[in-house]
Structure formats: C-alpha cells, structure tokens
Amino acid sequence: MSKDQPRPVLEHLDELRWRLVKSAIALTIGAIVAFLFREQLFDVLAKPYRLALPGQELNQFQVTEGFSIAMRLSLFGGAFLASPVLFYQLWAFVNPALTKKEKKWTIPIVTALVVLFTGGAAFGYYILPRGLVFLLGIQPGLTSVIGASDYFGLTLRFLLVFGVAFEFPVFLFAAAAVGLISSTQLKKGRRWAVLIIVVVGAVVTPTGDPLTLTALSVPLYVLYEMTIWLVKLALHK
C-alpha cells in the first residue's frame, strides 16, 4: 500500500501504540539519568529560592517529602531530556497526513519545538527569583517558612508553563504551512492575539501575580510578531 493512500483505523491505532511505547521508553531512560543527577538538579532548581531568601534553606514537613521530591525531579528532568524524542514521536504520528511539500518542515519544526521549550523554561527560570521576591515581600509582617514540596511543585509548574507557552508560534507556523492561516490574517488578529495571550497567561501562570503575567505575556506577543514575519518570508503566505 502506498504511503499516500488512506490507511485503516486499526493501523493508525497500532502506530499510535508504538509511538507511545517509544516515548515511554525515552521518558524512562531520561528519568533514570535525572534520578542519578538529582542532587545537582535539586541545587539548580533551589537556586531561585536561595536568591530570593538568602541564608534560608527549604524545609521538610513530612517523612515522605524527600522521596516525593526526588521522583518529581526525576520525572521533570526525564521529560526535559527526552523532549526531542517526545516531540519527534508526536510529529511523526501526524506526518503521514501531510503532503510531500509539508513534510519538508518536519526537522525544522521538531527542532523549533525543542529550542522554544528549552528557551521558555530557561526564561521562566530567570524570572522565577524576581517573582518570588515580589510574592514573598508583598505583605509585611510575615515570616517565610517554605516547605520543599510546595516550592518544587510551584517551580516545576512555573517552568513547564513557560516552556509550553513558548511553543505556540510553532503551531501557528504549522497551521500556516498547511494553508489554514496566512500572515495577513495573523496581522488582522493582533488585538485578539493580545487578549488571548493575557487571558490564557492569567489562567495558566502558577502564581497569578502581575509581574509573572507581564513576564509571560510580553515575550509571547513578541513571538507572535516574529511568527507573522516568518510565515511571510519563509512560506510567502
């Protein structure tokens, strides 16, 4: 059967199963590697807390808290390390439905997904200490005693939100590549883009404070404008 001919649903389900198995294997290997380096990962992710509260260490309030944090750090680190494989498996599952002209964008789009996710998480990591200083200092008269579980839960969600949010230009570009939108339509939708970015940012940011919302919304709108020019220059649409 030609690859361009429609395939039975069971064949798609079988391919989906193997894509999920390969993704799970990559995630497991990444998590094992991250577990072996969990002490270094702990220090890297605890650095924003130490910058925001110099001289204070994170606290453990429950017997199982250390084990829980080790598992969460391993899973987060594993997902980060396995992200090239995970993004490739996702795009490879969609790839057969694309035309030959559209398939040439596979490697650039998978690369862009990895780079933007990493860039978004890195930007979130840079913003995090400033957000912590703002939140911990907004109400005078309080003494901060932060539990490690609460801190890492907030930090991992924070980095994940920034990493995933920075991916949206890739989906806009992919939509333009398959002819669903054009740079002209994106230009006309600027006001809606600003509204959607701010509303979605307010919903997904873990802290919900104006500093974090601004820090997320501004670069996302810059990425939106860059996507308009990229669609116009690279796709001529």
Side-chain angles (χ1 to χ4, degrees), residues 20 23-87 114 116-167 199-217 219-220:
L20 291 174
S23 298
I25 292 173
L27 182 60
T28 302
I29 294 174
I32 292 172
V33 173
F35 180 81
L36 296 175
F37 291 93
R38 65 187 184 283
E39 187 175 344
Q40 290 83 352
L41 187 57
F42 181 97
D43 288 336
V44 169
L45 293 177
K47 188 175 180 180
Y49 173 86
R50 291 166 179 158
L51 289 174
L53 295 173
Q56 292 193 33
E57 292 297 329
L58 290 163
N59 300 279
Q60 179 171 332
F61 295 116
Q62 299 176 0
V63 176
T64 58
E65 202 166 348
F67 176 78
S68 174
I69 290 172
M71 293 298 103
R72 289 156 73 181
L73 292 180
S74 300
L75 187 59
F76 178 82
F80 203 85
L81 292 174
S83 61
V85 178
L86 301 181
F87 287 131
V114 175
L116 285 174
F117 180 79
T118 304
F123 184 71
Y125 183 79
Y126 172 76
I127 292 296
L128 184 56
R130 293 148 183 83
L132 291 174
V133 169
F134 173 79
L135 290 170
L136 293 173
I138 195 170
Q139 176 58 52
L142 296 177
T143 300
S144 300
V145 182
I146 311 297
S149 184
D150 289 341
Y151 171 74
F152 282 107
L154 173 70
T155 299
L156 297 183
R157 288 200 309 275
F158 198 90
L159 300 184
L160 187 62
V161 164
F162 271 78
V164 172
F166 271 51
E167 301 280 35
V199 171
V200 173
V203 172
V204 301
T205 48
T207 56
D209 64 279
L211 178 65
T212 304
L213 178 59
T214 303
L216 180 62
S217 301
L220 289 186

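Here Leu132 contributes atom CG and Leu51 contributes atom CG; the two are 9.5 Å apart, rounded to the nearest 0.5 Å. Rounded to the nearest 0.5 Å, atoms OG (Ser68) and CG (Leu73) are 9.0 Å apart. The OG1 atom of Thr64 sits 9.5 Å away from the CD1 atom of Ile69 when rounded to the nearest 0.5 Å. For the atom pair OH (Tyr151) and CG (Leu58), the distance works out to 7.0 Å, reported to the nearest 0.5 Å. The CZ atom of Phe37 sits 13.5 Å away from the CG atom of Asp43 when rounded to the nearest 0.5 Å. One distance of note links CD1 of Ile32 with OG of Ser74; it measures 9.5 Å at 0.5 Å rounding.
Checked against a 6.0 Å centroid threshold, the rings of Phe80 and Phe117 count as neighbours. Phe76 has its ring centre no less than 6.0 Å from the ring centre of Phe152.
Residues Thr212 and Phe134 are not in side-chain contact: their nearest non-hydrogen atoms beyond the backbone lie 4.5 Å or more apart. You'll find the side chain of Val200 stays beyond 4.5 Å of the side chain of Leu220, heavy atoms only. A 4.5 Å side-chain heavy-atom check between Pro129 and Lys47 finds every atom pair outside the cut-off. Side-chain contact between Tyr49 and Leu128 is absent, with no heavy atoms from C-beta onward closer than 4.5 Å. At least one side-chain heavy atom of Thr118 sits under 4.5 Å from a side-chain heavy atom of Val114. At a threshold of 4.5 Å between non-hydrogen side-chain atoms, the residues Leu159 and Leu45 count as touching. Proximity of Tyr125 to Thr155: side-chain heavy atoms (C-beta onward) are nowhere separated by under 4.5 Å.
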Go through Leu216 and Phe123 one step at a time and tell me if the side chain to side chain contact (heavy atoms under 4.5 Å, CB included) criterion holds.
CA-CA 9 Å; Leu216 180 62; Phe123 184 71; over 6 Å; no
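The nearest pair of heavy atoms linking Glu167 to Leu116 is OE1-CB, 3.7 Å. Glu65 and Ala148 get closest at one heavy-atom pair: OE2-N, 3.5 Å. Among all heavy-atom pairs drawn from Ser144 and Leu136, the shortest one is OG-CD2, 3.7 Å. Annotation for Leu211 and Arg130: closest pair CD2-O, 3.6 Å, computed over non-hydrogen atoms. Nearest heavy atoms, Ala26 versus Ala82: O-CB, 3.5 Å. Nearest heavy-atom pair, Ala215 versus Phe162, reported as atom, atom and distance to 0.1 Å: O-CE2, 4.1 Å.
With hydrogens and angles disregarded, no donor-acceptor distance shorter than 3.5 Å links the side chain of Asn59 to the backbone of Gly147. Gln60 contributes a side-chain N or O that, together with a main-chain N or O of Gln62, makes up a donor-acceptor pair within less than 3.5 Å.
Environment of CZ in Phe61: crowded, with over 12 heavy atoms of neighbouring residues, nucleotides or ligands closer than 6.0 Å.
Residue Leu53 forms a side-chain contact (heavy atoms from CB on, under 4.5 Å) with just one option from Gln56, Arg50, Glu57, and that option is Gln56.
Applying the side-chain hydrogen bond (donor to acceptor under 3.5 Å, both in side chains) criterion to Arg38, with sequence neighbours excluded, gives no partner residue.
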